[in-house]
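Remarks on the structure that follows.
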Amino acid sequence: MLDAEEGIPPVDSQESLARYILSKSHVRRQQGTLKPDAFVPHPHTDLSVTRHREASDDELWEAGQAVSDSRGKPLLGRGDVLAATYLRQKLKVVAKPISGNPNHADVSEWPSEKKLQKLIASEVSAVAKYVAVPEPEQE
Amino acid sequence: MPAVLNDFASRKLDECHRQLGKSAALGMDGVIRGELVEAYTDSNEEDWDGFGAQPVNFETLAQTKAFLRKLPLGMERPSIGAEPDGCLTLEWHKSRRRTLSISIDAEGNLTYAALLGPESLCGSVPFVDAIPESILRLLGRVYTC
């Protein structure tokens, strides 16, 4: 993970960003892809994501598990999207380290109209890669 | 035709539509009893998504049921979901760029976004007793283009 003491770099357009999925209705069961619903921030103004930068796969899942534990919802997976996808939609991606997750970032400057948010979320979900949470290893 | 016969024919047609709507092949009753109830149950409490979502309320469920029951018989079945502002969503998805998502709120407002090949469309229309023509046209385009 990024080291806050060394300074948190701004988000590069080629960075992958993970959106953790805690609701099964956000996943298309047959295709194993994500619905736009997973990327609509409304009524919030920002979409919470975690940067892949300098994070191992295990660390990414640990960050997701921490979100899951704090919200009391099971972690189902994550939606990986390049920062460039959000930037193309005229959104901003801002590094926002939080306690326990120096890789946290916010996708901000969403239009206030719901229909426009839905359209952007549709464009994002069309290119998002859904990664289901790994099954626990058998002993 | 006398008005009384017109009224009788209209009621009979509605009854036929309701009966056919219960069939597994043509109607949406299976979706209503299954996926819709499941989506509502999963999202009718505060913070159901873990990110502070508003709950889906009973009026939104009722509007969504009414919308599903008004869809033409034999229509492809949507996948049901919910959004953090408490709307229920219906999604018709053929491929990544052949997809329509409609949000329904407690007042029956429909907010939609569609990706149809290179085209991206969005808008809002009210649902009052019948499926708006604009929505039916979009639904047709998801599967026929």
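As a basis for the values below, the full set of heavy atoms in this structure was taken, side chains included, without hydrogen atoms, waters or symmetry mates. Just so we're on the same page: letters track the sequence lines, and every chain starts at 1. Every value quoted in this text rests on a predicted model; they were computed, and no experiment measured them.
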(Q) For B/Asp47, is there an ion pair with A/Arg71 - N to carboxylate O distance below 4.0 angstrom? (A) no

Q: Step through the shown structure and confirm whether more than 12 heavy atoms of other residues, nucleotides or ligands are within 6.0 Å of NZ on A/Lys92.
A: no

Q.
Would you say CD of B/Glu45 has more than 12 non-hydrogen atoms from neighbouring residues, nucleotides or ligands within 6.0 angstrom?
A. no

Q. Do B/Ile80 and B/Ile135 sit in the same hydrophobic cluster, where Ile, Leu, Val, Met, Phe, Trp and Tyr count as joined when their side-chain heavy atoms come under 4.5 Å apart?
A. yes

Q.
Rounded to the nearest 0.5 Å, what separates atom CD in B/Glu91 from atom OG in A/Ser25?
A. 10.5 Å

Q. Passes side-chain hydrogen bond (donor to acceptor under 3.5 Å, both in side chains), B/Thr89 versus A/Asp37? Steps please.
A. CA-CA 8 Å; B/Thr89 62; A/Asp37 310 12; 2.5 Å; yes

Q) Hey, does the side chain of A/Lys35 reach the backbone of B/Ala82 with a donor-acceptor pair shorter than 3.5 angstrom? A) no

Q. Roughly how far, to the nearest 0.5 Å, is OG of B/Ser124 from CD of A/Glu113?
A. 7.0 Å

Q. Transitively linked via ILVMFWY side-chain contacts under 4.5 Å: B/Leu68 with B/Val142?
A. yes

Q | Heavy-atom proximity to chain B below 4.5 Å, by part of A/Lys115 | A | both

(Q) Using a 4.5 angstrom heavy-atom cutoff, name the option from B/Gly81, B/Gly86, B/Pro84, B/Ala114 with the most pairs to chain A. (A) B/Pro84

Q: Heavy atoms only: give me the nearest B/Leu121-A/Leu119 pair and the separation to one decimal.
A: O-CD1, 3.4 Å

Q | Residue A/Val27 versus chain B: region with a heavy atom under 4.5 Å | A | neither

Q | Structural part of A/Ser125 lying under 4.5 Å from a heavy atom of chain B | A | backbone

Q | hydrophobic_cluster_shared for A/Val81 and A/Leu76, side chain cutoff 4.5 Å | A | yes

Q: Verify the distance criterion only: is there a donor paired with an acceptor across the side chains of A/Lys118 and B/Thr111 at less than 3.5 Å?
A: no

**Q.** OH on B/Tyr112 to NZ on A/Lys114, rounded to 0.5 Å
**A.** 14.5 Å

Q: Check B/His93 against A/Thr33 and note the closest heavy-atom contact, atom names and distance.
A: NE2-OG1, 4.5 Å

**Q.** Part of B/Thr99 within contact of chain A (heavy atom distance under 4.5 Å)
**A.** side chain

Q) Of the non-hydrogen atoms in B/Phe51 and A/His44, which two are nearest, and what is the gap between them? A) O-NE2, 3.0 Å

Q. What's the verdict on side chain to side chain contact (heavy atoms under 4.5 Å, CB included) for B/Asp85 and A/Gln117, showing C-alpha distance, side-chain angles and the deciding distance?
A. CA-CA 12 Å; B/Asp85 59 355; A/Gln117 288 197 3; over 6 Å; no

Q. Is B/Glu38 salt-bridged to A/Arg29, cutoff N-O under 4.0 Å?
A. yes

Q. Does the pair A/Glu123/B/Arg97 count as a salt bridge with the N-to-O cut at 4.0 Å?
A. yes

Q: Begin from the C-alpha positions of A/Lys24 and B/Asp42 and carry the test side chain to side chain contact (heavy atoms under 4.5 Å, CB included) through to its verdict.
A: CA-CA 9 Å; A/Lys24 62 184 175 191; B/Asp42 286 347; 3.0 Å; yes

Q.
Report which part of B/Ile102 has an atom under 4.5 Å of a heavy atom belonging to chain A: side chain, backbone, both, or neither.
A. backbone

Q) Nearest heavy-atom pair of B/Ala113 and A/Ser122: which atoms, and what distance? A) CB-OG, 3.7 Å

Q. Heavy-atom count around B/Asp129 CG within 6.0 Å, excluding the residue itself: above 12?
A. no

Q. Would a hydrophobic clustering, with Ile, Leu, Val, Met, Phe, Trp and Tyr connected at side-chain separations under 4.5 Å, put A/Phe39 with A/Val49?
A. yes

Q: Select one option (side chain, backbone, both, neither) describing which atoms of B/Ser95 are under 4.5 Å from chain A's heavy atoms.
A: neither

Q) Under 4.5 Å between side-chain heavy atoms, hopping through other hydrophobics if needed: is there a path connecting B/Leu116 to B/Tyr143? A) yes

